[in-house]
Protein chains: 2
Amino acid sequence: MATRTRQSQRRRQVLTRERIVETAVELLDTVGKDALTVRALTGRLATGSGAIYWHIGNMDELLEAATDAVVADALATRPTRPAGAGSPQDEIRAVALGLFDAVTEHPWLAAQLAAQLTRNPWGPVTLRIFENIGRPVRTLGVPQGVWFTTTSTLVHYILGATAQTSQSTGVPSSEAERAEFLGTASRAWQDLDPDDYPFMRAIADQMREHDDREQFLTGIDLILTGITTLHPPEPARRSGEGGL
Amino acid sequence: MATRTRQSQRRRQVLTRERIVETAVELLDTVGKDALTVRALTGRLATGSGAIYWHIGNMDELLEAATDAVVADALATRPTRPAGAGSPQDEIRAVALGLFDAVTEHPWLAAQLAAQLTRNPWGPVTLRIFENIGRPVRTLGVPQGVWFTTTSTLVHYILGATAQTSQSTGVPSSEAERAEFLGTASRAWQDLDPDDYPFMRAIADQMREHDDREQFLTGIDLILTGITTLHPPEPARRSGEGGL
DNA sequence: ACCTGAACACCGTTCAAGT
DNA sequence: ACCTGAACACCGTTCAAGT
C-alpha cells in the first residue's frame, strides 16, 4: 500500500491474531504438523512467545482457527458459488468435494478436522460444514423434521471419508507411488488369515483399483439416494419460502 | 495361580507388551488422555522408561495397540455374536452400536479412532472395523462389485458420527447436565447471524431434542436404504457360497 | 495495551551400563 | 535378552518486567 518494500512492511506489521493464524497455516502446509510450535511462530514473526499468547489463548485454539480458516476458504472459493446453478445434489457434491480437495492439498487438515469434531463438536469448524451441507439439504425438499438427521449423516460421512483418504492421496506424489501404496496394501490383505479376515481378502482386488475421489462421491450418492428414498421431496411447497 | 498375593505377583510379573497396553488402557480410562505418559507407565509398572521402549516402538504404537484392544473387545463381546440370528441389517446395527457404546464408555476412544484413521488408514484398527461391517454387507446380497464401496460408506459414517458424539455423551453425567449442554448449544445457534447461519438457526430446536444414539441409528438406516435401493440384493444366489 | 524472553514444569526418546 | 535411569533435546505456558 505504501512504498516500503514488503519485507520491511512485514516486519513492521503489528502482530495480529489473523497474522498468527496465517503463519500457522503456512508452517503446517510447508513443514508439517510437528513444525507448528510456538517457537517456530516466534521465529517467523520475530516476536516473543508472550506475544503469541497475548493474541491467542493456547495451541488448541490456534489449531482450531487455522483449521477454520482453511475450511472457510475451501468452501468459499468453490467456482459454482452463485445459487440457482445446479441441483441441490450438485451443490452437496460440490461442498463435499471442496472439503475433499482441501484435505488433499493440506495433508494436516484431515487429522485436524477429526480432532475438532471430537474436541469441540459444535465449534466453528463443524458449524460451518453443517451449514454448508444443510442449506442444499433444505432445498432438496425433505421434510423439516429430518433436516438435522439427514445433514448429520452427510457431514459425518464426509468427515470420516476425508479422514481416511488423507494419507493415501496425501502428497500428490507420482501415480506410480500411489499404485505402489495400493498394491502393497492389497497384497497385505491377501496375506491376512482367511479365518479372521475373509472379507478384506475378498475385496483386495477392488481396493487396488479403486479411485479415492470417485469412491468418495459414490458414498455421497448412496446417502443422497437413501435420503430421497426415505423422505421423498415434498410437492415443492412454495419454492421461494426460504430462498437462498 | 500360586499362593502369592496379587500384589507381589503383579510386581513380579514379567513386563510384557500386553501388560503395557493393558495398563495404558487403564490409565486412559481412569485419568484421561493426557495422563498416558511414559513416566506414568513406568510408575504403575515399576520399571524404567527403557523397559517400555524395549517392548513397544513408541507412543503412537502404544496408542494404536490400546485402541485396537478396546475395539476388539467391543466388537467381540456383542451379545448377539452367534451367526444366523438376525438380518444382516441387524448385524450391521449391532456392530455400529458396539463401537458407539465403546466410545461413550471410553471417552478417549473417539479421538483415537479418528487419529488412527488418518495416521494409519489401513492399520489393524481400521481393518478390524472394515471386516466386521463388511461381512454382514456381503450377506446383504449386494453385488460383489460394490462390496468395498458400500462398506466404506458405512464405516466412514460410523467413525465420523462416533467422533462427534463422544464429547456430548462423554461422561454419562446426569440427564440434567446433558439437557443443559444441548440447551446451551441450541441457544447459541439461535443467536447466530441469520445471514451467515440460516440453516443452523432453523434446526436449533431439533438439536435440543435429539437423541444421539437414536440419530446414529437413523443415519445407519439411511445408508442401508441407499445401498439396497441402488443395489437390490441379488436373487439369493446359492445362500451358502460364502457362508459366514 | 501490547510485547519481551527467561524460567518452569513438563514431555518422548536414547543409550551406556547393568543383569 | 531384558531392564535401569540419567541425560538429551525438545515442548507449551507463565509472568515479571519493559514500552
Worksheet entry | Under 3.5 Å donor-acceptor pair, B:S49 side-chain atoms to D:dA7 base atoms | no

Worksheet item: For the base of D:dT4, is there a side-chain donor-acceptor partner from B:T47 under 3.5 Å away?
Response: no

Atom [atom1] of [X] and atom [atom2] of [N]: how far apart are they, to the nearest Å?
X	N	atom1	atom2	result
B:L15	D:dA1	CG	C1'	13 Å
B:R19	D:dC3	CZ	P	10 Å
A:Y53	D:dA17	OH	P	22 Å
A:L63	D:dG12	CG	P	10 Å
A:I20	C:dC2	CD1	P	12 Å
B:W54	D:dT4	CH2	P	13 Å
B:L62	C:dT13	CG	C1'	14 Å
B:L27	C:dC11	CG	P	11 Å

Non-hydrogen side-chain atoms of [X] and [Y] separated by less than 4.5 Å:
X	Y	value
B:L113	B:L109	yes
B:D101	B:R213	yes
A:R201	A:W189	no

Worksheet item: What nucleotide among C:dT13, D:dC3, C:dC3 has an atom nearest to a side-chain atom of A:A51?
Response: C:dC3

Worksheet item: Yes or no on side-chain hydrogen bond (donor to acceptor under 3.5 Å, both in side chains) for A:S152 and B:Q215, after CA distance, side-chain angles and deciding distance?
Response: CA-CA 9 Å; A:S152 291; B:Q215 176 150 331; 2.9 Å; yes

Considering all heavy atoms of both residues, which atom of [X] and which atom of [Y] are nearest to each other, and what is their separation?
X	Y	result
A:I203	B:W147	CG2-CB, 3.8 Å
A:L36	A:M59	O-CE, 3.0 Å
B:R135	A:D196	NH2-O, 3.3 Å

Discussion item. Please check if the number of heavy atoms outside B:D193 that lie under 6.0 Å from its CG is greater than 12.
Written reply: yes

Discussion item. Between C:dC3 and D:dA16, how far apart are the two C1' atoms, rounded to whole Å?
Written reply: 13 Å

Item to complete: Mind running a 4.0 Å heavy-atom check of residues 28-44 of chain B against DNA chain C and sending the residues that fall below it, in number order?
Response: B:L36, B:T37, B:V38, B:R39

Worksheet item: Under 4.0 Å between a side-chain N or O of A:H55 and OP1 or OP2 of C:dC3?
Response: yes

Worksheet item: Out of curiosity, A:E26 CD to A:R19 CZ, how far, rounded to the nearest 0.5 Å?
Response: 10.0 Å

Item to complete: For A:D60 and for B:G48, find the nucleotide of DNA chain D with the closest heavy atom, then tell me which residue's nucleotide is more 5'.
Response: B:G48

Worksheet item: With Watson-Crick and G-U wobble geometry limited to distances under 3.5 Å, how should the secondary structure of DNA chain D be encoded in dot-bracket form, using | for bases paired to another strand and [ ] for crossing pairs?
Response: ||.|||||...|||||.||

